[in-house]
Asks: 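Pasting in a structure now, in structure tokens, and then I'll have a few things to ask.
In the text below, chain A, chain B and the rest are named by the order of the sequence lines, each starting its count at 1. Bear in mind that the values here come from a model prediction, so they are computed numbers and not experimental data.
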Amino acid sequence: MKNYLISLIGNAAIKLSYLSSVEPIFSIPKIQGHGDLSTNIALLLSKPLNKSPRDIAKEIVDTLEYDSSILDKIEIAGPGFINFFFNPNYSSGIISKIIEEEENFGRSNKYSGKRGNVEFVSANPTGPLTVGHGRNAVIGDTVANMLEAVGYEVDREYYFNNAGRQMRVLGDSVKKRYLELIGEQISFPEEYYQGEYIKEIALKLQVEFGDNLANESEEGIFKQKAEEEIFSDIKKSLESIGIVFKKYFNEYSLYEQNNIQKTLEDFSKKNLSYEKDGAIWLKLSELGNQEDKVIVKSTGEPTYRLPDIAYHINKLERNYDLIVDLFGSDHNATYPDVLAGCAGLGYNVLTIKVLIHQFVTITEKGEIVKMSTRKANYITLDELVAEVGIDVVRYFFIMRNMSSHLNFDLELAKKHSDENPVFYLQYANARICSILRMTAEQDLILSTEHVDKLNSETEQSLIKKLSQFPEEVLYSAENFEPHKISNYLEETAGLFHRFYNECRIIGSERDLAEARIALITAVRIVIANGLKMLGLSAPERM
RNA sequence: GCGCCAGUAGCUCAAUGGACAGAGCAACAGCCUUCUAAGCUGUAGGUUAGUGGUUCGAGUCCACUCUGGCGUACCA
């Protein structure tokens with residue numbers, strides 16, 4: 001539809017040459033009376049032409065030659081907006097299209113042939129996934145879903161590191177618990193991992209090996225077993241909310257394949273690094289950042305920056321059209337270094353899109369639950385899923401803008417009540433399914449022959465809303481904003497519920513009843529497609 | 001100190017530089033002998049943290065101030 005209007009303006013530009021000086025932008029007005037699509041082109045032209053915007057608008061409208069079977073009317077309103085009103089019959093045509101395309105309605109091929117990589121979660125295997133990781137996981141998976149919906153072929157990737165200090169501490173934490181189990185006196189340092197899961201891993205080792213491991217190194221079987229058990233739990237947690245990764249990328253492989261060494265040499269060759277105080281520094285100040293940072297410690301061990309840069313180079317060399325990184329806000333200081341490092345080595349980092357999401361604050365009984373993996377003072381993702389269910393967890397995590405803090409009220413989420421927006425959407429779907437079961441018994445069938453009879457204000461609003469779904473999906477995908485989809489679905493469900501209360505099917509005359517069946521079938525398709533994109537179920541009965 | 005993010009109705013949050021800033025919850029008043037009341041309709045609730053600026057037009061962009069979160073490691 002937008003394309004049709006753009007071509008109209010294009011044709012008018014033959015007579016009004018000034019029209020080609022601006023890109024016409026069409027937007028959907030918030031208010032019904034302002035039409036279906038609106039453009040501000042006359043307002044934009046007012047200054048350069050030194051004429052009143054309403055006069056320009058009038059000149060444009062007088063020049064437009066349109067097909068009255070598509071457009072009902074064109075109005076000039078307010079300071080000089082041009083509002084386009086669709087012919088209701090044209091609008092209703094969308095119903096047939098939705099029913100025909102069914103599960104493909106909303107999807108598009110704008111980016112087909114493009115390959116994308118979405119890296120998310122990327123938690124090191126030092127403990128179970130917490131609620132904080134949960135937000136990352138759900139946003140990442142949903143962003144990937146949306147990119148797929150507009151044609152991308154997407155690889156979901158999880159980057160992790162099983163070496164380094166934290167993992168040593170983890171291994172030693174398990175060892176100490178193990179020694180405790182076999183009866184030795186131990187002291188358990190405060191900075192060690194305090195969680196119960198450490199004791200469980202130690203217990204498994206004791207069951208398997210008795211007390212034969214007393215003299216083993218904490219970096220050997222203790223660390224290994226811990227990583228194995230924890231990773232297996234992480235994967236289970238993710239699977240339980242419908243998330244499956246294509247690739248788990250181990251940082252260690254970058255060492256094995258000499259990528260770390262090579263990156264280091266490349267920096268040196270380009271004179272982007274130097275030695276000072278026994279460490280190797282990266283000249284980030286020359287690459288546009290604030291200050292130089294250490295990439296290899298004086299101990300010879302790289303800091304996280306070097307492998308992170310090497311990892312991104314690895315991703316860049318895999319020739320993706322789009323690389324998405326999703327981090328919590330605690331990482332917001334690290335990505336500029338990584339991007340600057342890659343750019344310094346001559347890579348085009350414009351394909352990398354870094355998304356930062358803000359933290360989740362859990363409140364319970366009005367109190368904020370502070371979380372730390374190490375102190376074991378946290379709520380795990382598994383616990384949350386067990387409490388409120390997959391759908392509520394997924395929905396709560398994406399329903400807010402990721403750049404805003406998320407307040408997760410445990411008490412509220414636990415309530416399986418009308419306070420919960422997830423049920424509002426699912427209820428709409430269940431209601432439609434129920435009506436369809438009922439109408440089938442009455443021998444009423446779906447027909448798009450008389451959709452022109454769907455002319456009440458409520459029906460028209462609903463139809464217009466449905467027609468906007470593909471654009472909403474595209475917009476959400478291109479701007480990485482999953483919460484737009486949930487907002488759209490809530491609005492759509494709201495319009496449907498209003499329709500349900502105003503317009504009856506059983507009892508209406510046959511043509512109208514069958515047209516309404518077509519309409520609610522279209523609504524069901526849109527809601528089901530939307531729920532699927534968000535990874536939620538669409539129950540047929542509630 | 002510096003950097004990133006936020007501040008919108010009592011609470012949780014929407015709003016693609018556009019037209020009268022919208023929902024849900026909570027409050028109040030209505031709607032079930034007819035397709036699911038987990039629903040609908042209505043009322044009330046606002047100096048969009050503040051001060052300037054840019055613009056025909058600012059919740060949105062810019063500057064400064066205030067408040068909160070997260071960073072600012074030879075931790076990841």
Asks: Would the distance check show the side chain of A:H34 and the main-chain N or O of A:K30 forming a donor-acceptor pair, the cut-off being under 3.5 Å?
Replies: no
Asks: Select one nucleotide: of B:rC2, B:rU16, B:rC74, the one nearest the side-chain heavy atoms of A:Q290.
Replies: B:rC2
Asks: Roughly how far apart, to the nearest Å, are B:rG50 and B:rA58 at atom P?
Replies: 15 Å
Asks: Touch check for A:S404, heavy atoms < 4.0 angstrom, all strands: base, sugar-phosphate only, or nothing?
Replies: sugar-phosphate
Asks: Which is true for A:N487 with a 4.0 Å heavy-atom rule: it touches a base, it touches only sugar-phosphate, or it touches nothing?
Replies: sugar-phosphate
Asks: Run the side-chain donor-acceptor check on residues 428-436 of chain A: report pairs under 3.5 Å with partners two or more places apart or on a different chain.
Replies:
unit_1: A:N429; atom_1: ND2; unit_2: A:A538; atom_2: O; d: 3.3
unit_1: A:N429; atom_1: ND2; unit_2: A:P539; atom_2: O; d: 3.0
unit_1: A:R431; atom_1: NH1; unit_2: A:H497; atom_2: ND1; d: 3.0

Asks: Counting only side-chain heavy atoms from C-beta out, which of B:rC5, B:rC40, B:rC74 sits nearest to A:A279?
Replies: B:rC74
Asks: Ignoring backbone atoms, establish whether A:H483 has a side-chain N or O less than 4.0 Å from OP1 or OP2 of B:rA15.
Replies: yes
Asks: Answer with base, sugar-phosphate or nothing: what part of the nucleic acid does A:N479 contact at a heavy-atom distance below 4.0 Å?
Replies: nothing
Asks: Holding to side-chain contact (heavy atoms from CB on, under 4.5 Å), I want the full list of residues that pass it with A:E502, two or more places apart in sequence or in another chain.
Replies: A:T458, A:R498
Asks: Below 3.5 Å is the cut-off: list the nitrogen or oxygen pairs between protein and nucleotides 71-73 of chain B, distance only.
Replies:
none

Asks: How do A:P53 and A:R165 order along RNA chain B: which one's closest nucleotide is nearer the 5' end?
Replies: A:P53
Asks: Looking only at atom P, what distance separates B:rU47 and B:rC5, rounded to whole Å?
Replies: 27 Å
Asks: Are the side chain of A:R54 and the backbone of A:G78 linked by a donor-acceptor contact shorter than 3.5 Å?
Replies: yes
Asks: Can you list everything that forms a ring-ring contact (aromatic ring centres under 6.0 Å, His included) with A:H483? Sequence neighbours excluded, please.
Replies: none
Asks: Rounded to the nearest angstrom, tell me the gap between atom CD1 in A:I309 and atom P in B:rA76.
Replies: 13 Å
Asks: Looking at A:K484, I'd like to know whether one of its side-chain N or O atoms comes within less than 4.0 Å of OP1 or OP2 on B:rA15.
Replies: yes
Asks: Between A:N40 (side chain only) and A:F81 (backbone N and O only), is there a donor and an acceptor less than 3.5 Å apart?
Replies: no
Asks: Take atom P in B:rG39 and the same atom in B:rC2, then report the distance between them in whole Å.
Replies: 49 Å
Asks: Might you list the N or O atoms of the protein lying below 3.5 Å from N or O atoms in nucleotides 19-22 of chain B, with each pair's distance?
Replies:
unit_1: B:rA19; atom_1: N6; unit_2: A:S38; atom_2: OG; d: 2.8
unit_1: B:rA19; atom_1: N6; unit_2: A:N83; atom_2: OD1; d: 3.0
unit_1: B:rA19; atom_1: N1; unit_2: A:N83; atom_2: OD1; d: 3.3
unit_1: B:rA19; atom_1: N1; unit_2: A:N83; atom_2: ND2; d: 3.2

Asks: If I pick the P atom on B:rG1 and the same atom on B:rA44, what distance separates them, to the nearest angstrom?
Replies: 46 Å
Asks: The criterion is salt bridge (Lys or Arg N to Asp or Glu O under 4.0 Å); which residues satisfy it with A:E478, sequence neighbours excluded?
Replies: A:K110
Asks: Suppose we call two aromatic rings close when their centres sit under 6.0 Å apart. Are A:Y274 and A:F267 close by that rule?
Replies: no
Asks: For A:I6, enumerate each residue passing the side-chain contact (heavy atoms from CB on, under 4.5 Å) test, keeping only those at least two apart in sequence or located in another chain.
Replies: A:N3, A:F26
Asks: Kindly say if A:Y335 contacts the phosphate of B:rC70, meaning a side-chain N or O under 4.0 Å from OP1 or OP2.
Replies: no
Asks: Are A:D337 and A:R305 close enough for a salt bridge, meaning some N to O gap below 4.0 Å?
Replies: yes
Asks: Taking only the C1' atom of each, what is the distance from B:rA37 to B:rC32 in whole angstrom?
Replies: 7 Å
Asks: Applying side-chain hydrogen bond (donor to acceptor under 3.5 Å, both in side chains), which residue pairs with at least one partner in residues 512-526 of chain A are found, sequence neighbours left out?
Replies: A:E459-A:R516, A:S508-A:R516, A:R510-A:E514
Asks: Quick one, give me the B/S/- string for nucleotides 29-37 of chain B, reading 5' to 3', where B means a protein heavy atom under 4.0 Å from the base and S means that only happens at the primed atoms, P, OP1 or OP2.
Replies: -----BBBS
Asks: For A:A493 and A:I28, find the nucleotide of RNA chain B closest to each by heavy atoms; which residue's nucleotide sits nearer the 5' end?
Replies: A:I28
Asks: If you draw a 6.0 Å radius around NZ in A:K464, do more than 12 non-hydrogen atoms from other residues or ligands fall strictly inside?
Replies: yes
Asks: Mind checking if A:E490 touches a base, just sugar-phosphate, or nothing, with heavy atoms under 4.0 Å?
Replies: nothing
Asks: Once you round it to whole Å, what is the distance between P of B:rA14 and CG of A:N401?
Replies: 6 Å
Asks: If you restrict it to nitrogen or oxygen atoms, what contacts under 3.5 Å exist between nucleotides 9-12 of chain B and the protein, and what is each distance?
Replies:
unit_1: B:rU12; atom_1: O2'; unit_2: A:R400; atom_2: NH2; d: 3.3

Asks: What distance, rounded to whole Å, do you find between the two P atoms, one in B:rC62 and one in B:rA6?
Replies: 11 Å
Asks: State whether the side chain of A:Q426 and the backbone N or O of A:Y424 hold a donor-acceptor pair below 3.5 Å, judged by distance alone.
Replies: no
Asks: Which side-chain N or O atoms in residues 487-495 of chain A pair as donor and acceptor under 3.5 Å with protein atoms at least two apart or in another chain?
Replies:
unit_1: A:Y488; atom_1: OH; unit_2: A:K465; atom_2: O; d: 2.6
unit_1: A:E490; atom_1: OE2; unit_2: A:Y395; atom_2: OH; d: 2.6
unit_1: A:E491; atom_1: OE1; unit_2: A:K465; atom_2: NZ; d: 2.5
unit_1: A:T492; atom_1: OG1; unit_2: A:Y488; atom_2: O; d: 2.8

Asks: Given the C1' atoms of B:rG46 and B:rG10, what is the spacing between them in whole Å?
Replies: 12 Å
Asks: Would you check if the side chain of A:S273 reaches a backbone N or O of A:L282 as a donor-acceptor pair within less than 3.5 Å?
Replies: no
Asks: For RNA chain B, which consecutive runs of 3 or more Watson-Crick or G-U pairs (each distance under 3.5 Å) count as stems?
Replies: B:1-7 with B:66-72, B:10-13 with B:22-25, B:27-31 with B:39-43, B:49-53 with B:61-65
Asks: Are there more than 12 heavy atoms of other residues, nucleotides or ligands under 6.0 Å from atom CD of A:E23?
Replies: no
Asks: Any salt bridge linking A:E157 with A:K315? Criterion: basic side-chain nitrogen under 4.0 Å from a carboxylate oxygen.
Replies: no
Asks: What's the gap between B:rU43 and B:rG7 when it is taken at their C1' atoms, as a whole Å value?
Replies: 29 Å
